[in-house]
Amino acid sequence: MLKRTHTCGALNATKAGETVILNGWVDVRRDHGGLIFIDLRDRYGITQVVFEPDAGEPLMEAARELRSEFVIGVQGTVSRRLEGKTNPKLATGEIEVRATKLEVFNRCPTPPFEISATTSAEPNEELRLSYRFLDLRRPSMQSILLLRHRLAQLMRNTMSSLDFVEVETPMLGRSTPEGARDFLVPSRVHPSHFYALPQSPQLYKQILMVAGYDRYFQIARCFRDEDLRANRQPEFTQLDLEMSFVEFEDVLATMENLVQAIAKEFTGEALQLPLPRLEYHDSMERFGNDRPDLRYGMELKDLADLAAKTDFQVFKSALESNNRVRGLCAPGAAEKYSRKDLDALTESIKLFGAKGLVWLKVEAETLTGPTAKFFTPEIQAELRARFDAKTGDLILIVADTQSVSSQSLSTLRIRLASELKLYDPKAFHYSWIIKFPLLAWDAEENRWVAEHHPFTMPLPEDLHLLDTDPGKVRAQAYDLVINGEEAAGGTIRIHDSAIQSKVFSLLGLTSEQAEEKFGFLLSALKFGAPPHGGMAFGFDRLVMLYAGLDNIRECIAFPKTAKGADLMTGAPGTVDLRQLRELHIRTTEQ
RNA sequence: GAGGAUGUAGCUCAAUUGGUUAGAGCACCGGCCUGUCACGCCGGAGGUUGCGGGUUCGAGCCCCGUCAUCCUCGCCA
């Protein structure tokens with residue numbers, strides 16, 4: 001076998017005259033009859049190999065047989081290219097390898113799509129996923145997986161240097177009631193009993209704190225059996241971590257070191273610490289969601305006072321039902337959005353239950369639009385002032401419930417910012433969102449549910465509200481938001497049994513039920529649990545952000561489709577009846 | 001569970017109002033070519049228009065069903 005002495009990205013003019021062997025795939029063949037060029041590709045690069053008649057007819061004959069994606073070994077002499085014949089597009093473009101020997105390791109049928117980077121049209125994703133082994137051979141995919149590897153390495157190194165210990169936790173665990181739907185694994189040995197794949201290593205990492213591993217981390221696979229989205233897969237990866245003997249500020253400060261290292265590595269930016277912070281309540285008011293993209297402004301404004309002064313029935317009835325009247329001002333959008341575009345915007349928020357969208361174009365003298373007549377000159381002036389609106393701007397107003405107006409306006413804000421190019425798509429903005437609510441009221445179940453999980457520590461100054469006004473209690477929870485994406489999130493945990501019981505009772509759990517559901521953790525917490533807290537970074541999402549991707553499948557080697565299928569392997573598939581019998585399982589199909 | 005989009009040659013796409021034999025570029029195959037690097041030139045082959053049914057003199061196009069993929073809501077931290 002012709003074993004490589006160099007990779008296809010390694011040769012340059014300093015190696016001229018050396019005899020080398022390259023291994024790789026034929027990227028493209030250019031057959032000039034008397035002279036044959038081969039671009040040879042591996043994951044390091046592309047090197048041009050030239051077959052010349054001097055090398056003998058048998059070699060030329062063999063070279064003529066070569067086709068795209070043949071796997072070969074080539075021996076030859078590194079040779080400086082002739083004056084004016086260099087290729088500045090290739091890192092190896094100064095040289096070429098003049099072939100003296102050729103070994104074809106494997107031939108390849110015409111591939112279903114082209115691997116070469118010179119191809120402009122992207123094959124459709126279904127095909128790419130079916131032939132993932134070819135898709136991943138494409139240089140663009142290889143650079144993504146390499147970036148992913150670099151991020152994992154950086155995280156491991158940084159965490160280790162901060163004295164975190166990597167510990168693996170089980171994939172086969174126990175189903176717990178809170179959170180997402182579990183993937184279940186039947187037990188052969190225990191009929192009718194099931195393991196659950198971890199939604200996250202949450203409980204194990206708290207137990208590791210009790211065990212004295214005061215700084216733990218893991219690049220952990222997590223599983224959630226919920227419907228998929230462009231940025232959601234049934235299995236995904238987190239950088240999971242937990243720290244002991246810390247408070248809120250300690251976790252944030254420690255993690256900012258990691259964030260700073262990541263930013264430096266992937267954007268070259270020297271992040272100023274501490275990172276900016278925004279309270280949940282302010283974020284909801286100013287941006288309508290808890291993960292605002294702060295690369296641009298276009299903040300939401302409350303307009304209740306102005307709405308009250310109009311005779312506009314839509315506003316009046318909204319205020320009477322204690323709903324919100326809020327809006328935003330899109331700079332320079334009045335011209336760019338036709339009546340049809342505005343109808344499309346209106347349509348887009350009906351998805352969230354919005355009944356309509358009030359739009360006003362800011363002109364030199366007045367505001368115009370179908371509902372402008374409800375706004376007196378005085379109110380128009382106040383509206384302008386509130387948004388600091390300029391001629392040519394577009395004011396959009398939604399009158400609806402807190403939830404509907406927030407969802408509608410935050411979605412409009414994101415869409416308009418993108419369409420109006422209000423930010424540099426290559427820029428990065430990092431911020432913490434803090435002081436999340438501890439609990440949310442579940443109207444269906446008629447009880448409080450934990451926003452994060454039942455072990456989240458309330459803010460000390462809000463503890464007294466647990467008895468009087470639980471909905472107002474804020475948590476020691478924090479999210480890291482990068483460019484409008486939730487990149488990480490975490491909490492300080494409760495290590496005080498009195499507070500824990502109080503939270504359980506608010507959640508409607510008796511101590512017996514809590515014991516039954518979380519007994520092993522409660523037991524561990526009793527045996528000397530240190531104060532602790534931690535967080536988890538969405539690893540795939542970080543790769544997406546730094547690779548500039550808008551789809552999570554692009555940064556996962558073997559992802560699932562929207563219905564959770566693996567088009568390459570055919571998973572999920574059927575199994576033999578015998579396997580089912582061993583597992584004590586009978587399906588409804590049988 | 002729901003809504004929307006897409007499905008035509010190996011790939012990326014086109015095909016007027018339902019009307020002749022469904023086209024193009026790339027890839028592929030054959031021939032020619034000693035400096036290409038998106039090589040070039042000449043020639044060729046390649047189609048169950050996702051699948052099933054219906055309407056019609058006639059369906060890639062209209063209708064019904066179904067499958068797959070994508071996006072979104074619900075769901076999910």
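A note on names: the letters A, B, ... follow the listed sequences, proteins ahead of strands, and every chain is numbered from 1.
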With [atom1] as the reference atom in both, quote the distance from [N] to [M] in angstrom, rounded to an integer.
N: G7(B); M: G44(B); atom1: P; answer: 31 Å
N: C64(B); M: G23(B); atom1: C1'; answer: 30 Å
N: C11(B); M: A27(B); atom1: P; answer: 15 Å
N: U21(B); M: G47(B); atom1: C1'; answer: 13 Å
N: G58(B); M: C13(B); atom1: P; answer: 33 Å
N: C28(B); M: U69(B); atom1: C1'; answer: 26 Å
N: U20(B); M: G25(B); atom1: C1'; answer: 25 Å
N: C39(B); M: U34(B); atom1: C1'; answer: 13 Å

Spacing of [X] atom [atom1] relative to [N] atom [atom2], expressed in whole Å:
X: Gln407(A); N: C76(B); atom1: CD; atom2: P; value: 14 Å
X: Ile552(A); N: U69(B); atom1: CD1; atom2: P; value: 18 Å
X: Lys350(A); N: G74(B); atom1: NZ; atom2: P; value: 18 Å
X: Arg181(A); N: C75(B); atom1: CZ; atom2: C1'; value: 7 Å
X: Met60(A); N: C33(B); atom1: CE; atom2: P; value: 12 Å
X: Phe51(A); N: G35(B); atom1: CZ; atom2: C1'; value: 15 Å
X: Tyr131(A); N: A27(B); atom1: OH; atom2: P; value: 20 Å
X: Glu65(A); N: C29(B); atom1: CD; atom2: C1'; value: 13 Å

message: Can you pull out the residues from residues 218-234 of chain A that lie within a 4.0 Å heavy-atom distance of RNA chain B?
response: Arg224(A), Glu226(A), Asp227(A), Arg229(A), Ala230(A), Arg232(A)
- request: Check RNA chain B against residues 67-92 of chain A and give the residues with a non-hydrogen atom under 4.0 Å, in numerical order.
  value: Arg67(A), Arg81(A), Lys85(A), Thr86(A), Asn87(A), Lys89(A)
query: Just wondering, more than 12 heavy atoms not from Arg98(A) lying within 6.0 Å of its CZ?
result: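 It does not: Arg98(A) CZ has 12 such atoms or fewer within range.
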message: Judged by each residue's nearest nucleotide on RNA chain B, which is more toward the 5′ side, Ala180(A) or Glu52(A)?
response: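 Closest to the 5' end, via its nearest nucleotide, is Glu52(A).
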- request: Between Asp39(A) and Asp54(A), just flag the one whose closest nucleotide in RNA chain B comes earlier from the 5' side.
  value: Asp54(A)
At 4.0 Å (heavy atoms only), tell me whether [X] reaches a base, stays on the sugar-phosphate, or touches nothing.
X: Glu126(A); value: sugar-phosphate
X: Arg98(A); value: nothing
X: Gln202(A); value: nothing
X: Gly179(A); value: sugar-phosphate

Quick check: closest heavy atoms across [X] and [Y], and the distance to 0.1 Å?
X: Arg291(A); Y: Ser283(A); result: N-OG, 4.4 Å
X: Asp540(A); Y: Cys555(A); result: O-SG, 3.4 Å
X: Asp479(A); Y: Gly489(A); result: OD1-CA, 3.3 Å

message: Parallel, tilted or perpendicular, judged at 30° and 60°: which one describes the rings of Phe518(A) and Phe504(A)?
response: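 Ring orientation, 0 to 90° scale: parallel.
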- prompt: According to the interplanar angle, ranging from 0 to 90°, do the rings of Phe428(A) and Tyr430(A) count as parallel (below 30°), tilted (30 to 60°) or perpendicular (above 60°)?
  reply: parallel
- prompt: When you measure from the side chain of Leu35(A), which nucleotide among G35(B), C73(B), C71(B) comes out closest?
  reply: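 The answer is G35(B), which lies nearest to the side chain.
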Pair assignment for RNA chain B - dot-bracket with | for other-strand partners, Watson-Crick or G-U under 3.5 Å: (((((((..((((.....[...)))).(((((.......))))).....(((((..]....))))))))))))....
So that I can tick it off, tell me whether [Y] and [X] are bridged by a salt bridge, with the cut-off set at under 4.0 angstrom between side-chain N and carboxylate O.
X: Asp442(A); Y: Arg447(A); value: no
X: Asp31(A); Y: Arg64(A); value: no
X: Lys355(A); Y: Asp400(A); value: yes
X: Arg138(A); Y: Glu122(A); value: yes

- request: Look up atom CG in Leu278(A) and atom CD1 in Ile433(A), then write down how far apart they are to the nearest 0.5 Å.
  value: 4.5 Å
field: Partners meeting salt bridge (charged side-chain N to carboxylate O under 4.0 Å, His left out) with Arg67(A) (sequence neighbours left out)
entry: none
- request: Establish whether the base of U36(B) is bridged to the side chain of Gln48(A) by a donor-acceptor pair shorter than 3.5 Å.
  value: yes
message: My understanding is that only residues two or more places apart in sequence, or in another chain, count here; which of them pass side-chain hydrogen bond (donor to acceptor under 3.5 Å, both in side chains) with Ser175(A)?
response: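 Counting only residues at least two positions away or on another chain, Ser175(A) forms a side-chain hydrogen bond (donor to acceptor under 3.5 Å, both in side chains) with Asp182(A).
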- prompt: Is His32(A) stacked on the base of C39(B) when the test is centres under 5.5 angstrom and planes under 30 degrees?
  reply: yes
C39(B) phosphate, OP1 or OP2, under 4.0 Å from Arg30(A) side-chain N/O: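 Checking Arg30(A) against C39(B): at least one side-chain N or O falls below 4.0 Å of OP1 or OP2.
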task: Determine, step by step, whether Leu300(A) and Met284(A) satisfy the side chain to side chain contact (heavy atoms under 4.5 Å, CB included) criterion, reporting the C-alpha distance in whole Å, the side-chain angles of both residues, the deciding distance to 0.1 Å, and the verdict.
output: CA-CA 9 Å; Leu300(A) 278 46; Met284(A) 294 305 289; over 6 Å; no
Between N or O atoms, less than 3.5 Å apart, protein on one side and nucleotides 9-11 of chain B on the other: list the pairs.
residue: G10(B); atom: O2'; partner: Pro112(A); partner atom: O; Å: 2.9
residue: C11(B); atom: O4'; partner: Pro112(A); partner atom: O; Å: 3.4

message: I'd like to know if the side chain of Arg324(A) and the backbone of Thr401(A) have a donor-acceptor N/O pair within less than 3.5 Å.
response: no
message: I'd like to know if the side chain of Gln233(A) reaches the main chain of Lys560(A), judged simply by a donor and an acceptor atom lying under 3.5 Å from each other, with no hydrogens or angles considered.
response: yes
